[in-house]
A.B. asks: 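Got a structure for you, written out below as structure tokens; questions coming shortly.
This structure is a prediction, so every number in the text was calculated from the model and none was measured.
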Amino acid sequence: MAELQEVQITEEKPLLPGQTSETAKEAELAARILLDQGQTHSVETPYGSVTFTVYGTPKPKRPAIFTYHDVGLNYKSCFQPLFQFGDMQEIIQNFVRVHVDAPGMEDGAPVFPLGYQYPSLDQLADMIPCILQYLNFSTIIGVGVGAGAYILSRYALTHPDTVEGLVLINIDPNAKGWMDWAAHKLTGLTSSIPEMILGHLFSQEELSGNSELIQKYRNIITHAPNLENIELYWNSYNNRRDLNFERGGEMTLKCPVMLVVGDQAPHEDAVVECNSKLDPTQTSFLKMADSGGQPQLTQPGKLTEAFKYFLQGMGYMASSCMTRLSRSRTASLTSAASIDGGRSRSRTLSQSSESGTLPSGPPGHTMEVSC
């Protein structure tokens with residue numbers, strides 16, 4: 001009997017056959033490295049296959065950060081400068097991330113055959129439940145840029161219970177009108193697809209300045225091996241339907257929303273109009289100075305800080321230290337007290353002036369922020 005007890009003790013933490021404690025540690029380290037590098041998956045949906053990359057492991061009672069990129073980009077070229085920024089590491093340590101590549105936009109994607117029917121933006125939104133079901137994730141915080149912001153908004157309208165919050169950069173919720181359509185067709189006669197997409201991504205001032213950033217992204221898009229696929233995604237974006245947002249109506253986003261646009265960005269007017277149509281008690285509006293058309297590329301520090309405030313307003317990362325903006329201009333949240341599931345959710349983001357005084361406003365008022 002004593003011998004049996006000895007066997008139980010020695011096998012209390014069994015290793016695999018032929019495995020030592022050192023090899024077990026090496027295997028654990030390799031698994032962590034794999035998670036840091038991201039795991040890429042593909043799932044079949046009713047509208048074709050979609051590829052996405054997962055970083056980190058799911059955290060109990062926390063949603064996944066779920067990103068969707070704009071036209072002409074993929075998740076790496078759209079979001080890496082933001083998510084690799086130093087201060088962002090505090091956030092990504094607390095959440096699992098899912099970065100979606102629109103069909104045909106992932107690295108090494110083959111060119112679709114001639115005549116391929118690319119999904120509409122609505123159909124791209126309908127692919128998201130297949131991703132979440134595959135990963136067994138129940139809720140998300142969406143971060144979308146341009147076309148990706150539209151797709152996440154469309155998904156949130158049809159699946160509101162699975163979206164805890166949205167960060168929408170450069171969203172245009174409106175369908176193209178006849179004048180827009182005519183202007184687009186005319187531009188197509190004189191400009192190439194890459195130049196049209198660059199005009200969608202960046203301001204005219206940025207394109208004229210031809211900075212290193214512009215040269216980099218012009219080269220990425222112009223020489224993209226999947227340029228035909230990019231054109232299909234571009235066409236789907238230009239044929240989008242109106243989201244029909246209506247303040248106080250049924251067609252509205254029911255989760256906390258942070259709208260972001262750069263000062264003088266191509267989509268500034270569209271984002272301002274979108275802000276006027278959303279629930280002011282749920283929406284914060286961030287207009288970023290000196291950020292151009294892609295604030296996640298040009299001002300990752302400021303956007304990271306705003307994202308931290310947004311998450312804190314949702315009841316996450318309460319002990320997080322605000323560092324970057326507080327060193328330059330003090331930032332603060334004006335809270336619109338709303339309790340949802342036991343968590344206090346802040347609605348309004350505001351930033352102080354140079355003199356250090358804090359702007360004030362009634363609870364629930366959506367304020368424009370220049371930073």
A.B. asks: When you measure from the side chain of Asn235 to the backbone N and O of Asn238, does any donor-acceptor pair fall under 3.5 Å?
C.D. replies: no
A.B. asks: Do we see a donor-acceptor contact under 3.5 Å between the side chains of Glu273 and Asn174?
C.D. replies: yes
A.B. asks: Under the 3.5 angstrom rule, does the side chain of Asp263 hit a backbone N or O of Asp290 as a donor-acceptor pair?
C.D. replies: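 Not at all, since once roles are kept as given, no pair shorter than 3.5 Å links the two residues.
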A.B. asks: Under 3.5 Å, is there a donor on one side chain and an acceptor on the other for Thr40 and Thr53?
C.D. replies: yes
A.B. asks: Just by distance, do the side chain of Gln89 and the backbone of Phe83 share a donor-acceptor pair under 3.5 Å?
C.D. replies: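 Yes; judged by distance alone, with no hydrogens or angles, the pair exists.
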A.B. asks: Quick one: are Val54 and Arg97 in side-chain contact, heavy atoms under 4.5 Å?
C.D. replies: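 Sidechains of Arg97 and Val54: no contact.
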A.B. asks: More than 12 heavy atoms of other residues, nucleotides or ligands under 6.0 Å from NZ of Lys59: yes or no?
C.D. replies: yes
A.B. asks: Nearest 0.5 Å please: distance from the CE atom of Met105 over to the CG atom of Leu232.
C.D. replies: 7.0 Å
A.B. asks: Restricting to non-hydrogen atoms, name the atom on Ala147 and the atom on Tyr233 that form the minimum distance, rounded to 0.1 Å.
C.D. replies: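 In terms of heavy atoms, the two residues are closest at CB-OH, 3.5 Å.
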A.B. asks: How would you list, by chain and number, every residue that makes a ring-ring contact (aromatic ring centres under 6.0 Å, His included) with Tyr237, sequence neighbours excluded?
C.D. replies: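 Once residues adjacent in sequence are excluded, the partners of Tyr237 under the ring-ring contact (aromatic ring centres under 6.0 Å, His included) criterion are His200.
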A.B. asks: Mind listing the closest non-hydrogen atom pair of Tyr118 and Pro103 along with its distance?
C.D. replies: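 In terms of heavy atoms, the two residues are closest at OH-O, 2.7 Å.
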A.B. asks: Has Asn210 got more than 12 heavy atoms of other residues, nucleotides or ligands less than 6.0 Å from its CG?
C.D. replies: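 Enclosed: over 12 neighbouring heavy atoms sit under 6.0 Å from CG of Asn210.
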A.B. asks: The criterion is side-chain contact (heavy atoms from CB on, under 4.5 Å); which residues satisfy it with Ser49, sequence neighbours excluded?
C.D. replies: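 side-chain contact (heavy atoms from CB on, under 4.5 Å) check on Ser49 returns Ser42, Glu44.
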A.B. asks: Can you run down the salt bridge (charged side-chain N to carboxylate O under 4.0 Å, His left out) pairs that involve residues 217-230, sequence neighbours left out, and say none if there aren't any?
C.D. replies: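 Sorted pair list: Glu195-Arg218.
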A.B. asks: Residues two or more places apart in sequence or in another chain: which of them pass salt bridge (charged side-chain N to carboxylate O under 4.0 Å, His left out) with Asp107?
C.D. replies: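 Result, salt bridge (charged side-chain N to carboxylate O under 4.0 Å, His left out) vs Asp107: Lys76.
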A.B. asks: Mind checking the CD1-CG spacing from Ile221 to Leu227? Nearest 0.5 Å is all I need.
C.D. replies: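 Between atom CD1 of Ile221 and atom CG of Leu227 there are 9.0 Å.
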A.B. asks: Please enumerate all residues that pass salt bridge (charged side-chain N to carboxylate O under 4.0 Å, His left out) together with Glu268, with sequence neighbours excluded.
C.D. replies: Lys287
A.B. asks: Ignoring hydrogens and angles, tell me if any N or O in the side chain of Gln80 forms a donor-acceptor pair with the backbone of Ser77 under 3.5 Å.
C.D. replies: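 Between the backbone of Ser77 and the side chain of Gln80 there is no qualifying donor-acceptor contact (under 3.5 Å).
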A.B. asks: Taking side chain as C-beta onward, heavy atoms only, is Tyr55 less than 4.5 Å from Val98?
C.D. replies: no
A.B. asks: Please name all residues satisfying ring-ring contact (aromatic ring centres under 6.0 Å, His included) with Phe245, sequence neighbours left out, ordered by chain then number.
C.D. replies: none
A.B. asks: To the nearest 0.5 Å, what is the distance between CG (Leu297) and CD (Gln299)?
C.D. replies: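 Going from CG on Leu297 over to CD on Gln299, the span is 11.0 Å.
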A.B. asks: Atom CD of residue position Gln117 - does it have more than 12 heavy atoms of other residues, nucleotides or ligands inside 6.0 Å?
C.D. replies: no
A.B. asks: Main chain of Leu278, side chain of Arg247: is a donor-acceptor contact present, judged purely on distance under 3.5 Å?
C.D. replies: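 Confirmed, Arg247 side chain pairs with Leu278 backbone.
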A.B. asks: I'd like to check the side chain to side chain donor-acceptor pair (under 3.5 Å) partners of Thr67; sequence neighbours left out, ordered by chain and number.
C.D. replies: His99
A.B. asks: To check you understand the geometry: which heavy-atom pair defines the closest contact between Asn170 and Pro295, and what is its length?
C.D. replies: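 In terms of heavy atoms, the two residues are closest at ND2-CD, 4.4 Å.
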A.B. asks: I want to check something: taking the side chain as every heavy atom from C-beta on, are Ile169 and Val261 in contact at a cut-off of under 4.5 Å?
C.D. replies: no
A.B. asks: With heavy-atom distances below 4.5 Å as the criterion, would you say the side chains of Val143 and Leu152 are in contact?
C.D. replies: no
A.B. asks: State, with a plain yes or no, whether a side-chain heavy atom of Val96 is found less than 4.5 Å away from one of Thr57.
C.D. replies: no
A.B. asks: What residue pairs, at least two apart or across chains, pass ring pair (Phe, Tyr, Trp, His ring centres under 6.0 Å) with a residue in residues 127-146?
C.D. replies: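 Every pair satisfying ring pair (Phe, Tyr, Trp, His ring centres under 6.0 Å) with a residue in residues 127-146: His41-Tyr134, Phe52-Tyr134.
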A.B. asks: Rounded at 0.5 Å granularity, tell me how far CG in Asn275 sits from CG in Leu286.
C.D. replies: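 CG of Leu286 is found 11.0 Å from CG of Asn275.
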A.B. asks: Taking atom CG of Asp242 and atom CE of Met251, what is their separation to the nearest 0.5 Å?
C.D. replies: 9.0 Å
A.B. asks: Within a strict 4.5 Å, meaning less than it, do heavy atoms of the Val43 and Ile131 side chains meet?
C.D. replies: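 The answer is yes; the side chains approach within 4.5 Å.
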A.B. asks: Look at the side chain of Gln312 and the backbone N and O of Met317, then say whether any donor-acceptor pair between them is shorter than 3.5 Å.
C.D. replies: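 A pair under 3.5 Å: yes.
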A.B. asks: State whether a side-chain donor-acceptor pair under 3.5 Å links Ser236 with Asn239.
C.D. replies: no
A.B. asks: Holding to salt bridge (charged side-chain N to carboxylate O under 4.0 Å, His left out), I want the full list of residues that pass it with Arg241, two or more places apart in sequence or in another chain.
C.D. replies: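 Salt bridge (charged side-chain N to carboxylate O under 4.0 Å, His left out) list for Arg241, sorted by chain: Asp122.
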A.B. asks: Kindly say whether Lys277 contributes a backbone atom to a donor-acceptor pair with the side chain of Glu246 at under 3.5 angstrom?
C.D. replies: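 No; zero donor-acceptor contacts below 3.5 Å.
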A.B. asks: Val100 vs Phe66, test: side chain to side chain contact (heavy atoms under 4.5 Å, CB included). Steps then yes/no.
C.D. replies: CA-CA 8 Å; Val100 180; Phe66 192 99; 3.3 Å; yes
A.B. asks: Do Tyr316 and Glu164 have side-chain atoms, one donor and one acceptor, less than 3.5 Å apart?
C.D. replies: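 The answer is yes; a qualifying pair exists.
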A.B. asks: Tell me every residue that passes salt bridge (charged side-chain N to carboxylate O under 4.0 Å, His left out) with Asp126, counting only those two or more places apart in sequence or in another chain.
C.D. replies: none
A.B. asks: Would you kindly confirm whether Val71 and Val111 end up in one hydrophobic cluster when ILVMFWY residues are joined by side chain heavy atoms under 4.5 Å apart?
C.D. replies: no
A.B. asks: Give me the atom names and distance for the closest heavy-atom approach of Asp172 to Tyr150.
C.D. replies: O-CD1, 3.8 Å
A.B. asks: Holding to ring-ring contact (aromatic ring centres under 6.0 Å, His included), I want the full list of residues that pass it with Tyr116, two or more places apart in sequence or in another chain.
C.D. replies: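 Scan of Tyr116 (ring-ring contact (aromatic ring centres under 6.0 Å, His included), adjacent residues dropped) gives Phe112.
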A.B. asks: Less than 4.0 Å between a side-chain N and a carboxylate O, is that true for Asp279 and Lys254?
C.D. replies: no
A.B. asks: Under a plain distance cut-off of 3.5 Å, with no hydrogens placed, do Ser203 and Glu206 share a side-chain donor-acceptor pair?
C.D. replies: yes
A.B. asks: Donor-acceptor pair, distance only, cut-off 3.5 Å: does the side chain of Asn229 make one with the backbone of Pro110?
C.D. replies: yes
A.B. asks: To check you understand the geometry: which heavy-atom pair defines the closest contact between Pro46 and Cys130, and what is its length?
C.D. replies: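 In this case the closest contact between Pro46 and Cys130 is CD-SG, 4.0 Å.
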A.B. asks: Tyr155: which residues meet the ring-ring contact (aromatic ring centres under 6.0 Å, His included) condition with it, sequence neighbours left out?
C.D. replies: His159
A.B. asks: Rounded to the nearest 0.5 Å, what separation is found between the NE2 atom of His69 and the CG atom of Asn74?
C.D. replies: 6.0 Å
A.B. asks: Looking only at non-hydrogen atoms, find the nearest pair between Ser153 and Leu243 and report the distance.
C.D. replies: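 Closest heavy-atom pair between Ser153 and Leu243: CB-CD1, 3.9 Å.
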